[in-house]
Amino acid sequence: MSGRKETVLDLAKFVDKGVQVKLTGGRQVTGTLKGYDQLLNLVLDEAVEFLRDQDDPLKTTDQTRRLGLIVCRGTAVMLVSPTDGTDEIANPFIQPDGA
């Protein structure tokens, strides 16, 4: 057994590429991953936050806020995904009206 602790995620392949990060509390940001550490602290450049809906804080809107260079604390990171190669699709479980 190795004495070295390894992270579950290998984020090296995402460095200098676009990522989407979801944080605890509902915040969602996208940006270019510039660095990370074993505690999952992330450094994002050209970060953009998607603002939440005033009526439903669990939903994001099309409104954005430019943040620039930011550090996301690892304890707040819930999800990291690449922005390239992902598309948003319609929810197949939502029933159409009148059904």
Transitive ILVMFWY cluster of Val71, excluding itself - 4.5 Å side-chain cut-off: Val43, Leu69
Throw together a table of side-chain donor-acceptor distances under 3.5 angstrom for residues 21-32, partners on residues two or more places apart or in other chains.
residue	atom	partner	partner atom	Å
Arg27	NE	Glu49	OE2	3.0
Arg27	NH2	Glu49	OE1	3.1
Arg27	NH2	Glu49	OE2	3.3

Under the criterion side-chain contact (heavy atoms from CB on, under 4.5 Å), I'd like the reasoning laid out for Arg65 against Leu51: C-alpha separation, chi angles, the key distance, then a yes or no. CA-CA 7 Å; Arg65 178 170 70 154; Leu51 300 177; 4.1 Å; yes
Could you tell me which residues satisfy salt bridge (Lys or Arg N to Asp or Glu O under 4.0 Å) with Asp62, sequence neighbours excluded, listed by chain and number? none
Can you name the salt bridge (Lys or Arg N to Asp or Glu O under 4.0 Å) partners of Arg66, sequence neighbours left out? none
dist Thr64:OG1 -> Phe50:CZ (nearest 0.5 Å) comes out at 6.5 Å
Qualifying residues under salt bridge (Lys or Arg N to Asp or Glu O under 4.0 Å), relative to Arg73, sequence neighbours excluded: none
In one Ile/Leu/Val/Met/Phe/Trp/Tyr side-chain cluster, 4.5 Å: Phe14, Ile70: yes
Sequence-distant partners of Lys17, salt bridge (Lys or Arg N to Asp or Glu O under 4.0 Å), two or more places apart: none
Hits for side-chain contact (heavy atoms from CB on, under 4.5 Å) against Ala90, two or more places apart or cross-chain, chain-then-number order -> none
Would you say the side chain of Cys72 lies within less than 4.5 Å of the side chain of Leu44, judging by non-hydrogen atoms? yes
I'd like to check the side-chain hydrogen bond (donor to acceptor under 3.5 Å, both in side chains) partners of Asp45; sequence neighbours left out, ordered by chain and number. none
By side-chain contact (heavy atoms from CB on, under 4.5 Å) - contacts of Ile94 (at least two apart): Asn91
CG of Leu11 to CG of Leu42, rounded to nearest 0.5 Å, is 6.5 Å
Hydrophobic cluster (4.5 angstrom, side-chain heavy atoms) - remaining members for Met78: none
With no hydrogens and no angle check, is any side-chain donor or acceptor of Asn41 less than 3.5 Å from a backbone partner on Tyr36? no
Give the other cluster members for Leu79, using side-chain heavy-atom distances under 4.5 Å between Ile, Leu, Val, Met, Phe, Trp and Tyr residues; answer none if it is isolated. none
